[in-house]
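What follows is a short report on a single structure.
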Amino acid sequence: MNLTLLGLPGAGKGTQAKKISRDYNITHIATGDIFRILIEKGTPLGKRAEKYIQQGKLVPDDDAIQIVKEEFSRIDMNTGFVLDGFPRTLYQAEILTEILDDMGYRLDMVFFIKVNPEELVERVAGRRVCLNCGATFHIEYNPPKKEGICDLCGDELIQRSDDQKDTVRKRIEIHSNKVDELVSYYKDLGILRIITGQSIEEIYSNIKMAIEVEL
Ligand code: ADP
Ligand code: ADP
Ligand code: ZN
């Protein structure tokens, strides 16, 4: 099963992708996480991506496509995957279709997590992440048991430097029409599933229902 998640920054792509990956045993590929690892390692691609990410802008398509291609060559494609944060432009979506086609695979379903845009700034501004294990929390909506400490691995939680309110607003603005284009692209392909819901659990249960219909 090969999936991707669409949604504005803060919609819950990462939160839901981790649950799907765990329960259905498929590989989670989060382009934002990979960029952050490359930045920390100081690779040329990481250095190039960093300035875009800090400004809340999209990294150029070719770099994003490159890291996804590398992940596909690294993982066992027969296991299946859930993409999180890719594609983010129509061009990336078209190339993704081609790459998968060349490898003899395709996307089975694309989940669009639809969230009231007014909620997003608070969500992203309250997000806290663990750089050690990748877990994500929210200071109010999904707090760790012990403030500032990851429930899963005990490491310190941090606020991403691109999660400041001003940068978040800019990201939401940049992404809005891109998400619309992606939604219509996948709708035309017949694999779009619109997911609504309020709590993390309610959204996840709607995703699971959509998956079970196909299995
Ligand atoms: P969020 O979870 O807030 O949506 P991500 O962690 O997915 O953010 O991504 C962080 C940043 O990495 C994005 O703001 C963007 O600059 C860059 N990025 C991630 N994925 C892509 C992509 N597919 N294309 C271009 N830039 C990307
Ligand atoms: P994305 O990957 O789409 O940017 P995340 O999964 O990182 O989004 O979620 C953004 C923030 O909002 C995180 O702090 C997360 O804990 C919180 N969050 C995710 N889903 C919900 C929800 N349904 N209700 C409230 N908060 C949520
Ligand atoms: Zn952790």
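Whatever order the structure lists them in is the order used to number ligands and atoms, beginning at 1. Nothing fancy with the numbering, it's 1 onward along the sequence.
One distance of note links CG of Leu120 with NE2 of His175; it measures 11.0 Å at 0.5 Å rounding. A distance of 10.0 Å separates CZ in Phe111 from CD in Gln16, rounded to the nearest 0.5 Å. The CG atom of Leu6 lies 11.0 Å from the CD1 atom of Ile195; values are rounded to the nearest 0.5 Å. Separation of atoms CZ (Arg106) and CG (Leu96) is listed at 13.0 Å; rounding is to 0.5 Å. Put simply, CD1 on Ile20 and OG1 on Thr15 are 11.0 Å apart, with the number rounded to the nearest 0.5 Å.
Between Asp162 and ligand 1, no pair of N/O atoms sits closer than 3.5 Å.
Under a 3.5 Å cut-off, the side chain of Asp61 and the backbone N or O of Gln92 do not form any donor-acceptor pair.
Close contacts of ligand 1 with Gln92, meaning ligand atoms under 4.0 Å from a residue heavy atom, involve 22 (C), 23 (N), 24 (N), 25 (C). Residue contact check: Thr31 has heavy atoms under 4.0 Å from atoms 19 (C), 20 (N), 21 (C), 23 (N) of ligand 1. Listed by number with element, the atoms of ligand 1 under 4.0 Å from a non-hydrogen atom of Arg36 are 6 (O), 10 (C). Close contacts of ligand 1 with Lys57, meaning ligand atoms under 4.0 Å from a residue heavy atom, involve 15 (C), 16 (O). Near Ala64, the atoms of ligand 1 lying under 4.0 angstrom from a non-hydrogen atom of the residue are 22 (C), 23 (N), 24 (N).
For the Zn ion (ligand 3), protein N, O or S atoms under 2.8 Å: 4 in total.
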Would Phe112 and Leu182 satisfy side chain to side chain contact (heavy atoms under 4.5 Å, CB included), going step by step from the backbone distance to the final call? CA-CA 9 Å; Phe112 170 44; Leu182 292 168; over 6 Å; no
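Contacts classified as side-chain hydrogen bond (donor to acceptor under 3.5 Å, both in side chains) and involving residues 121-136 (residues at least two apart or in different chains) are given here: Lys18-Thr136, Glu119-Arg123, Glu122-Lys165, Arg127-Asp163. Applying the ring-ring contact (aromatic ring centres under 6.0 Å, His included) test to residues at least two apart or on different chains, none of the pairs has a partner in residues 21-47.
In the model, Tyr185 has a side-chain atom that pairs as donor or acceptor with a side-chain atom of Thr97 under 3.5 Å. Side-chain contact check for Asp63 and Tyr52: no donor-acceptor pair (N or O, by modelled atom type) lies under 3.5 Å.
Remark: Glu70 CD is packed, more than 12 non-hydrogen atoms of other residues, nucleotides or ligands lying under 6.0 Å away.
Contacts of ligand 2 (protein heavy-atom distance under 4.0 Å) are Leu8, Pro9, Gly10, Ala11, Gly12, Lys13, Gly14, Thr15, Arg123, Arg127, Thr136, Phe137, His138, Tyr141, Asn142, Gln198, Ser199, Ile200, Ile203.
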